[in-house]
Amino acid sequence: MPTAHAPGHTAREQDFAVVAAVIARWITTPQWDADRMRLYEKAALNPRRLGALITEANFDGLVGGWELELPRPEHIAPFISEAPRAWECRMLLVPHVLKLTGAKPTPS
């Protein structure tokens, strides 16, 4: 079932699950978690930056032997598209990633 619509690119629930899992795993690498969360924050809504971040996370997963499904092109496409309304897919990815990282709001 489609979750967000962008002409030619509709993110499926599986796309969100696979891409969010690899980004969350990349963020929660112990020595990098705070820095990487900031990098994700800056990249989350920008298709080029998000694509670069997903690529880096994929390479880290491949080299690190992560035991999770690495995103394939069809998983990534909805999030890096510049099609009208593709931003919806990127915005909807954020809560998936935050949930998987266990991120909690910081007290002000």
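Counting from 1, the numbers follow the sequence of the chain as shown.
Residues L98 and M37 have side chains in contact (heavy-atom distance under 4.5 Å, counting atoms from C-beta outward).
Note on W26: it does not cluster hydrophobically with V63, by side-chain heavy-atom contacts below 4.5 Å among ILVMFWY residues. Hydrophobic clustering, with ILVMFWY side chains joined whenever heavy atoms are under 4.5 angstrom apart, groups V19 together with L39.
Shortest non-hydrogen contact noted between V18 and P71 is CG1-CA, 3.5 Å. Counting all heavy atoms, side chain and backbone alike, I80 lies closest to G51 at CG2-CA, 3.4 Å. The heavy-atom pair separating A44 from R90 by the smallest distance is O-CB, 3.4 Å.
In this structure, S81 contributes its side chain and P78 its backbone to no donor-acceptor pair below 3.5 Å. Formation of a donor-acceptor pair under 3.5 Å by the N46 side chain with backbone atoms of A43 is not found in this model.
Of the residues listed (Y40, F16, F79), the one engaging H96 in a ring pair (Phe, Tyr, Trp, His ring centres under 6.0 Å) is F16, and it is the only one.
Atom-to-atom distance recorded for D60:CG and L70:CG is 10.5 Å, nearest 0.5 angstrom. Summarising the geometry, atom CG belonging to D15 is positioned 9.0 Å from atom CZ belonging to R72; distances are rounded to the nearest 0.5 Å. Interatomic distance, CD of E88 versus CG of L45, reported as 12.0 Å (0.5 Å rounding). Taken from CG in L50 to CD1 in I54, the straight-line distance is 4.0 Å, to the nearest 0.5 Å. In this structure, CG on L100 lies 10.0 Å from CG on L68, to the nearest 0.5 angstrom. To the nearest 0.5 Å, atoms CZ (R25) and CZ (R36) are separated by 9.0 Å.
Other residues, nucleotides and ligands place more than 12 heavy atoms under 6.0 Å from the CD atom of Q31.
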